[in-house]
Amino acid sequence: MDQLDIHILSILQKDGQISMARLSDKVGLSLSACHRRVKLLEAEGKISHYAARLNRKSVGLEIQIFIEVKLVSARRTDISAFEEAICQMPEVLECHLISGEFDYLIRVAARNTEDYEALYRERLSLIPSVAQMKTLLCLSTVKEFRGFHLTA
C-alpha cells in the first residue's frame, strides 16, 4: 500500500459515495487508474463494504449502553453459546472479546431505558453461559469512530 492508496482510503472513509471522477481529481490520478486502484483495494479486502452511517438519535435510539459480560467459564461450549446468542440480537451493535476482569464488551443502542431493560431481562440475562453483567450508560460521546488514521 503506497501513499496514493492511503489517500484514496482516507477519502472513501469520509465519503463512500464520492464519484470516481471526483475521487480521481482529489488524488491526482486518471479516472481509469483511480478506478483500478479502488477495485484492487476492494479485492484485497482493504475495503470490506460501503454503508450509510446513521445518526443514532435521529432514528429514535436515544441511549447508548456498554455492557461488560463475564462468562461462567472459558469452555468452548460456553463461549460458542454466548457468541451465537449475541449474533442473533440486532440491538447489539458490537461485541468484543476482551482481556481483563470481564470477557466481553458489548455496545447497544436503545430507544430508552425501558427498551434496554427489556433486552437485559428478556434476552441478555437468559443466556445460560453468562455469569455476570455490568451496565455502563453512555452520558455523551466525546469522539466517535469515523475511520482509521492511516500512514505509510
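No hydrogens, no waters, no symmetry mates; every other heavy atom, side chains included, goes into these values. Position 1 is the first residue of the sequence, and the numbers go up from there. Given the structure is predicted, the values throughout are model-derived calculations rather than measurements.
- Counting heavy atoms of neighbouring residues, nucleotides and ligands inside a 6.0 Å radius, atom CD of Gln17 does not exceed 12 of them.
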Extract all donor-acceptor atom pairs below 3.5 Å that involve side chains of residues 102-111 and protein atoms in other chains or at least two apart in sequence.
| residue | atom | partner | partner atom | Å |
| --- | --- | --- | --- | --- |
| Asp103 | OD2 | Leu71 | N | 2.7 |
| Tyr104 | OH | Glu83 | OE2 | 2.6 |
| Arg107 | NH1 | Gln64 | OE1 | 2.5 |
| Arg107 | NH2 | Glu94 | OE2 | 3.2 |
| Arg111 | NE | Asp115 | OD2 | 2.6 |
| Arg111 | NH2 | Asp115 | OD1 | 3.4 |
| Arg111 | NH2 | Asp115 | OD2 | 2.9 |

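- Residue Val130 comes nearest to Leu124 through the heavy atom pair CG2-O, 4.2 Å, listed as atom of the first residue, atom of the second, then distance.
- At least one side-chain heavy atom of Tyr116 sits under 4.5 Å from a side-chain heavy atom of Thr135.
- Taking CZ from Arg36 and OG from Ser24, the interatomic distance works out to 11.5 Å, rounded to the nearest 0.5 Å.
- Considering CZ of Arg37 and NE2 of His7, their distance stands at 12.0 Å, rounded to 0.5 Å.
- Considering every non-hydrogen atom in both Asp5 and Met1, the closest pair reads CB-CG, 3.4 Å.
- In the displayed structure, Lys70 atom NZ is contacted under 6.0 Å by more than 12 heavy atoms of other residues, nucleotides or ligands.
- Using a 4.5 Å heavy-atom threshold, the side chains of Met89 and Ile127 count as touching.
- In terms of heavy-atom proximity, Ser129 sits nearest to Asp78 at OG-O, 3.2 Å.
- Asp15 CG to Lys26 NZ: the interatomic distance, rounded to the nearest 0.5 Å, is 7.5 Å.
- Atom CZ of Arg76 sits in a sparse spot, with 12 or fewer heavy atoms from other residues, nucleotides or ligands closer than 6.0 Å.
- A distance of 12.0 Å separates CE in Met133 from CD in Glu68, rounded to the nearest 0.5 Å.
- Taking all atoms of both residues into account, the shortest heavy-atom contact from Ile8 to Cys34 is CD1-SG, 4.5 Å.
- Between Thr151 and His149, the shortest heavy-atom distance links the atoms CG2-NE2, 3.6 Å.
- Leu40 and Leu12 fall into different hydrophobic clusters, where Ile, Leu, Val, Met, Phe, Trp and Tyr side chains are chained together by heavy-atom contacts under 4.5 Å.
- Considering only residues two or more places apart in sequence or on other chains, Phe145 meets the ring-ring contact (aromatic ring centres under 6.0 Å, His included) condition with Phe148.
- Residues that satisfy the side chain to side chain contact (heavy atoms under 4.5 Å, CB included) test with Gln3, not counting sequence neighbours, are Ile6, Ala152.
- At a threshold of 4.5 Å between side-chain heavy atoms, the hydrophobic network of Ile, Leu, Val, Met, Phe, Trp and Tyr places Met20 and Tyr50 in one connected group.
- Contact check for Glu62 versus Asn112: no side-chain heavy atoms found under the 4.5 Å cut-off.
- Atom-to-atom distance recorded for Glu84:CD and Ile79:CD1 is 12.0 Å, nearest 0.5 angstrom.
- Both Leu41 and Leu31 belong to a common hydrophobic cluster when Ile, Leu, Val, Met, Phe, Trp and Tyr are linked at side-chain heavy-atom distances under 4.5 angstrom.
- To the nearest 0.5 angstrom, Arg56 atom CZ is 5.5 Å from Thr141 atom OG1.
- Put simply, the side chain of Phe82 does not reach to within 4.5 Å of the side chain of Leu97, judged on heavy atoms.
- Note: the hydrophobic cluster containing Ile98 also contains Phe66 (ILVMFWY, side chain heavy atoms under 4.5 Å, direct or indirect links).
- Clustering ILVMFWY residues whenever any of their side-chain heavy atoms sit less than 4.5 angstrom apart, transitively, puts Leu137 in the very cluster that holds Tyr120.
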